[in-house]
Amino acid sequence: MDNRTGDYRDSVPIEYQANELLEFAIGTEPYGEVRWIGTVLNVDGSRKAESLNNRYFSEGRHTPLMILINGGTLTDDSFAKLQGYMNDIKGENGQHAFIVLEAKNLDSCTDMDVDAKPNLEVVKMADVLQKDELF
């Protein structure tokens, strides 16, 4: 290759034959900046999103919720069931599972005539996912 014109010929004199590559570095670093530096954040974000999707399908999705108990407490058995349910929700086995919780009155009630039942409320928080930075 002729280093003056870039043409390939068999009759290029030896002093004009190209024998190295020219580097057109961007920036002041020894090797320059990579040419795709502007898309690094896009590449990183895409990778993290794909990783999140992969975990969603391999481990299953846990719907975020809050369990509110007013005027009572969970029984020890219900607390253990809830803790076990949360630990075992991964994978396909936990996709359509449900749990039964039982609550009991607080022992600190002093009025003997009051037969108040504890109020157990489950508040779904899945709507928060649609409003976070992921979307």
Side-chain angles (χ1 to χ4, degrees):
M1 182 172 93
D2 190 327
N3 65 6
R4 299 169 297 174
T5 64
D7 293 334
Y8 283 95
R9 294 178 289 156
D10 291 332
S11 61
V12 178
I14 190 75
E15 65 268 9
Y16 297 120
Q17 287 182 3
N19 58 7
E20 63 184 44
L21 295 174
L22 295 177
E23 177 188 12
F24 298 104
I26 299 172
T28 59
E29 297 295 319
Y31 295 104
E33 293 286 342
V34 293
R35 301 215 180 261
W36 47 273
I37 192 73
T39 61
V40 167
L41 294 177
N42 295 339
V43 170
D44 190 39
S46 294
R47 182 179 182 281
K48 287 181 180 179
E50 290 301 323
S51 177
L52 178 71
N53 287 337
N54 185 31
R55 280 195 315 274
Y56 169 78
F57 288 110
S58 64
E59 297 179 7
R61 179 170 169 253
H62 168 66
T63 303
L65 56 88
M66 188 181 328
I67 300 173
L68 303 173
I69 303 171
N70 187 11
T73 184
L74 281 180
T75 63
D76 292 338
D77 187 41
S78 287
F79 182 78
K81 282 183 188 177
L82 180 61
Q83 195 168 28
Y85 175 78
M86 298 303 285
N87 292 336
D88 298 334
I89 198 166
K90 293 181 182 177
E92 294 178 1
N93 295 335
Q95 288 181 354
H96 301 288
F98 63 93
I99 188 168
V100 176
L101 295 177
E102 299 171 354
K104 60 183 178 180
N105 285 342
L106 291 173
D107 294 332
S108 63
C109 185
T110 56
D111 190 358
M112 300 294 254
D113 297 332
V114 175
D115 191 23
K117 296 180 181 177
N119 182 18
L120 185 70
E121 183 180 357
V122 177
V123 179
K124 68 176 186 170
M125 300 184 70
D127 298 338
V128 173
L129 291 176
Q130 299 297 324
K131 297 178 180 131
D132 71 0
E133 295 299 324
L134 185 64
F135 292 91

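Scope of the values below: all heavy atoms of this structure, side chains included, with no hydrogens, waters or symmetry mates.
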Residues, nucleotides or ligands: over 12 heavy atoms within 6.0 Å of D76 CG: no
Residue pair K48 / D44, side-chain heavy-atom distance below 4.5 Å: yes
Salt bridge (charged side-chain N to carboxylate O under 4.0 Å, His left out) involving R4 - partner list, sequence neighbours excluded: D2
Exam field: side chain S46 to backbone N42, donor-acceptor pair closer than 3.5 Å: yes
Distance, nearest 0.5 Å, that separates CG of D7 from CG of N3: 11.5 Å
Pair M1-V12, side-chain contact (heavy atoms from CB on, under 4.5 Å): steps then yes or no: CA-CA 7 Å; M1 182 172 93; V12 178; over 6 Å; no
T39 (side chain) donor-acceptor with W36 (main chain) under 3.5 angstrom: yes
Atom of A25, atom of G32 and distance for their closest heavy-atom approach: CB-CA, 4.0 Å
